[in-house]
Amino acid sequence: MCGRFSLTADGATIASHFQASVFTESQPRYNIAPSQDIVVVRDDPAGRESTMMRWGLVPHWAKEINTKYSMINARTETVTDKPAYRDPFRRQRCLIPANGVL
């Protein structure tokens, strides 16, 4: 994924497309940057849900949320090996709906 993207679909459309039972209302956004809150779709014990989350991975060794350690890209060749991505890749996955890349 690149550094910025856009999402013009509303929350109900996203929930319908991904068959999410719970959805978050959202407005069209045309310049979404890392560290901002974004709409994601994730599995929940009750089914799929659409919710807001902060974009970026803060590694487990970071003491606080700080953009110095925030990461947004991983190499597919090493995502299962690198300590920062290994556990989140296995256990903390979600879909990030996007209409366009900037």
Side-chain angles (χ1 to χ4, degrees):
M1 187 170 240
C2 73
R4 294 181 184 256
F5 69 98
S6 64
L7 177 62
T8 58
D10 62 17
T13 303
I14 293 168
S16 173
H17 182 77
F18 291 105
Q19 301 167 351
S21 57
V22 178
F23 73 94
T24 301
E25 281 297 329
S26 64
Q27 300 295 323
R29 294 171 59 195
Y30 300 95
N31 191 13
I32 303 170
S35 78
Q36 292 181 340
D37 287 343
I38 59 171
V39 176
V40 301
V41 178
R42 65 181 179 178
D43 277 334
D44 190 53
R48 286 186 185 147
E49 70 173 352
S50 166
T51 188
M52 299 294 283
M53 297 182 97
R54 183 180 179 274
W55 178 21
L57 174 67
V58 178
H60 62 86
W61 63 80
K63 303 246 187 280
E64 60 185 39
I65 296 176
N66 186 338
T67 56
K68 176 179 171 184
Y69 295 113
S70 182
M71 299 174 280
I72 62 167
N73 290 320
R75 291 179 176 260
T76 59
E77 303 88 18
T78 60
V79 72
T80 58
D81 302 326
K82 298 290 183 180
Y85 294 107
R86 185 175 45 229
D87 290 336
F89 180 74
R90 291 184 185 137
R91 297 185 192 96
Q92 300 170 329
R93 299 175 86 162
C94 65
L95 296 172
I96 300 174
N99 295 95
V101 202
L102 303 174

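All values below were derived from every heavy atom in this structure, side-chain atoms included, with hydrogens, water molecules and symmetry-related copies excluded.
- Contact check for Arg54 versus Ser35: side-chain heavy atoms found under the 4.5 Å cut-off.
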task = Given side chain to side chain contact (heavy atoms under 4.5 Å, CB included), test Trp55 with Asp37 step by step and report yes or no.
result = CA-CA 6 Å; Trp55 178 21; Asp37 287 343; over 6 Å; no

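- Using a 4.5 Å heavy-atom cutoff, the side chains of Gln92 and Arg42 are not in contact.
- A cation-pi contact links Arg93 to Phe89, judged by a cut-off of 6.0 Å to the six-membered ring centre and 45° from its axis.
- In this structure a side-chain-to-backbone donor-acceptor pair under 3.5 Å is present from Tyr85 to Asn73.
- Of all heavy-atom pairs between Ser26 and Gly11, the closest is OG-N, 3.5 Å.
- The backbone N or O of Arg48 lies less than 3.5 Å from no partner atom in the side chain of Asp43, so there is not a single donor-acceptor pair.
- Atom OG of Ser6 sits about 7.0 Å away from atom CD1 of Ile32, to the nearest 0.5 Å.
- When only modelled atom types and interatomic distance are considered, Asp81 and Thr78 share no side-chain donor-acceptor pair under 3.5 Å.
- Closest heavy-atom contact between Gly3 and Pro34: O-CD, 2.9 Å.
- Considering every non-hydrogen atom in both Ser21 and Ala46, the closest pair reads OG-O, 4.4 Å.
- Shown are Val41, Val39, Ile14; of these, the side-chain contact (heavy atoms from CB on, under 4.5 Å) with Leu95 is made only by Val41.
- Taking the side chain as every heavy atom from C-beta outward, Ser50 and Val40 never approach each other to under 4.5 Å.
- Arg29 and Gln36 share a donor-acceptor pair across their side chains, judged by distance under 3.5 Å alone.
- Considering only heavy atoms from C-beta on, Ile96 stays 4.5 Å or farther from Leu7 through its side chain.
- Using a 4.5 Å cut-off on side-chain heavy atoms (C-beta onward), Leu57 and Pro88 make contact.
- The shortest heavy-atom contact between Phe5 and Ala98 is CD1-CB, 3.5 Å.
- Between Met52 and Ile38, every side-chain heavy-atom pair lies at or beyond the 4.5 Å cut-off.
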